[in-house]
There are 2 protein chains.
Amino acid sequence: MKIFSYNLNGIRAAMRKGLVDWLKEANPDVLLIQETKAQPEQIEQEEFEALGYHCYWHSAEKKGYSGVGILSKLKPDHIEVGCGIDYIDQEGRILRADFGDLSIMSVYVPSGSSGDARQDLKMKFLGDFQQYIRDLLKEKPQLIIGGDFNICHTEIDIHNPKSNKDTSGFLPEERAWLSEFLEEGLIDSFRQFHEGELDRYSWWSYRANARANNKGWRIDYQMAGEALKERLSGAEIWPDAMHSDHCPVSVDID
Amino acid sequence: MKIFSYNLNGIRAAMRKGLVDWLKEANPDVLLIQETKAQPEQIEQEEFEALGYHCYWHSAEKKGYSGVGILSKLKPDHIEVGCGIDYIDQEGRILRADFGDLSIMSVYVPSGSSGDARQDLKMKFLGDFQQYIRDLLKEKPQLIIGGDFNICHTEIDIHNPKSNKDTSGFLPEERAWLSEFLEEGLIDSFRQFHEGELDRYSWWSYRANARANNKGWRIDYQMAGEALKERLSGAEIWPDAMHSDHCPVSVDID
DNA sequence: CATCCGACG
DNA sequence: CGTCAGATG
């Protein structure tokens, strides 16, 4: 089973850039989407349905902002929209599809880059999300959490750790949170298969030709519950897909 | 002397579409511009200066809105910014360049299409503008007024007079105003040289492929003071220039 | 330096 | 159906 996660930075813009052709080629069983920046009725989901996908969306209340989605070839037994915490669910950041024991979540962690208020909210989100996942893992240990965590974990996950040590997304407290989060019983699947590999990023600023120079950050992850450890058969980052300032990240499970 | 008038619907967008190449080719002595939608400092006027133009702007207070300009190869003796009526000058709608006895004005008449309040303001503008021009003609009878009047004068100036009889821009009171305005002692220079010609328009809606089907309106004019009558040597509309929803209109004076 | 909105036309 | 601004990232 091939699961991709992709922050599209606007699903409508991404579709104009050929997302559907890419999807047909990549042909994942499940695509986790972040930053749809659209209400469901604004998304031409027939294009995905024509490829055999069932489509599920959780949009922010604010138009053009945030929003997650899940496309799945198999029809899920259950879709869980949001996490029941109002300030999170208003912003359309969490969506989950359950397939028997296997549970697959799309998450979009808030960015803190626009100022203190949003950084504070990001840290609050991280605390609440960690608690939510701790509880969920008890019920659904075979959990995949794919998405944009808006955090680089280690120095090899960012092109310039020195100059970014005070930048939201690479702050010590954010990196520490990600370590703690994994200790809840999750595996960073990319690192499972690519330990120590350098220059592997999933996001590049649009500014200053950052992507052409691979001056990026790895902030998109496929986290797998440890119960899935033996079923993980691969994980990848796909920097050649050019529909967004992010690229897709994938995990394979047997 | 070749004078063009062109509502650019955003001078920055028009420049991205090759306005400067067009200008080099058309090579007018004076270009009257409407809807710059920019503050002077946002306009790359060096590109015009490189072609030998002096540049003058009158922008609206509101950013990205309205705004007129004049480019001139000859340096004017005087530039008159606005008309001294505050509600008009706040919106950057009138700019004049004087060259000895010859006076050339760029005008952008308000649109009434967004609702009653703006239609009311348009009618008020028309009254105030008529009075302003009546007075100005006494002082400067050799006056050219080029610009977007946002009014079609007669049934041959619009592709569908019947269905537009209640549409702002072709209302009976607007058409009557334009007749009265000409009676102040002005000549619609295009009609001087193209009496009765059909399907000659200067604006097309972006909707429904209107331009490809030439379903347009003639709302851009080069009005000439009757004192200039004997000096008028031609007038044209240039629908092949594609930098805006309007096209340029020109007048030649000896 | 992109995406999207909403105002305006 | 475009342009522009402003919010957001």
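Order of the sequence lines sets the chain letters (A, B, ...), proteins ahead of strands, with each chain counted from 1. Computation of the quantities below employed the complete heavy-atom set of this structure, encompassing side-chain atoms and omitting hydrogens, waters and symmetry-equivalent molecules.
The environment of CD in A:Glu41 is crowded: more than 12 heavy-atom neighbours from other residues, nucleotides or ligands sit within 6.0 Å. Within 6.0 Å of NZ on B:Lys17 lie more than 12 heavy atoms contributed by other residues, nucleotides or ligands. Heavy-atom neighbours of A:Asp116 CG from other residues, nucleotides or ligands within 6.0 Å: at or below the threshold of 12.
Atom OH of A:Tyr6 and atom C1' of C:dT3 are 14 Å apart (whole Å). If you take CD1 of B:Ile219 and P of C:dG9, they are 12 Å apart, rounded to a whole angstrom. Following rounding to the nearest Å, A:Met15 (CE) and C:dT3 (P) show an atom-to-atom distance of 15 Å. Atom CG of B:Asn150 and atom C1' of C:dC8 are 12 Å apart (whole Å). We find that NE2 of A:His246 is positioned 12 Å from C1' of D:dT8, with the value rounded to whole Å. Distance, A:Asp148 CG to C:dT3 P: 17 Å, rounded to whole Å. In this structure, the CD atom of A:Gln119 is 11 Å from the P atom of D:dG9, given to the nearest Å. Nucleotide C:dC8 holds its C1' atom 17 Å from the CG atom of B:Leu8, rounded to whole Å.
The ring pair (Phe, Tyr, Trp, His ring centres under 6.0 Å) search around A:Phe129 returns A:Phe125, A:Phe181, not counting sequence neighbours.
Looking at the side chain of B:Gln42, the nearest of the listed nucleotides D:dA5, C:dC4, D:dG9 is D:dA5.
Exactly one residue among B:Arg118, B:Lys62, B:Lys122 makes a salt bridge (charged side-chain N to carboxylate O under 4.0 Å, His left out) with B:Glu91. That residue is B:Arg118. Under the ring pair (Phe, Tyr, Trp, His ring centres under 6.0 Å) test applied with B:Tyr6, the options B:Tyr108, B:Trp22, B:Trp238 reduce to a single match, B:Trp22.
Stacking of A:Arg200 on the aromatic ring of A:Phe190 is not recorded, the 6.0 Å distance cut-off and the 45° axial limit not both being met.
Contacts between residues 200-213 of chain A and DNA chain C, counted as heavy-atom distances below 4.0 Å, involve A:Tyr206, A:Arg207. Taking every heavy atom of residues 61-68 of chain B and every atom of DNA chain D, pairs under 4.0 Å involve B:Lys63, B:Gly64, by number.
The residue among B:Tyr108 and A:Asn9 whose nearest nucleotide of DNA chain C lies closer to the 5′ end is A:Asn9.
The side chain of B:Ser114 places no N or O atom within less than 4.0 Å of a non-bridging phosphate oxygen (OP1 or OP2) of C:dC8. Neither OP1 nor OP2 of D:dG2 sits under 4.0 Å from any side-chain N or O of B:Arg12. OP1 or OP2 of D:dT3 has at least one side-chain nitrogen or oxygen of B:Lys17 nearer than 4.0 Å. Phosphate proximity of C:dC4 to A:Arg16: present, with a side-chain N or O under 4.0 Å from OP1 or OP2.
Within 4.0 Å of A:Asp245, counting heavy atoms only, lies no atom of the nucleic acid at all.
In this structure the side chain of A:Trp217 never reaches within 4.5 angstrom of the side chain of A:His246, judged on heavy atoms.
When atom types are taken as modelled, the side chain of B:Asn150 and the backbone of B:Val109 share a donor-acceptor pair closer than 3.5 angstrom.
Note on A:Arg218 versus A:Asp188: salt bridge recorded, some NZ/NE/NH1/NH2 to OD/OE distance being below 4.0 Å.
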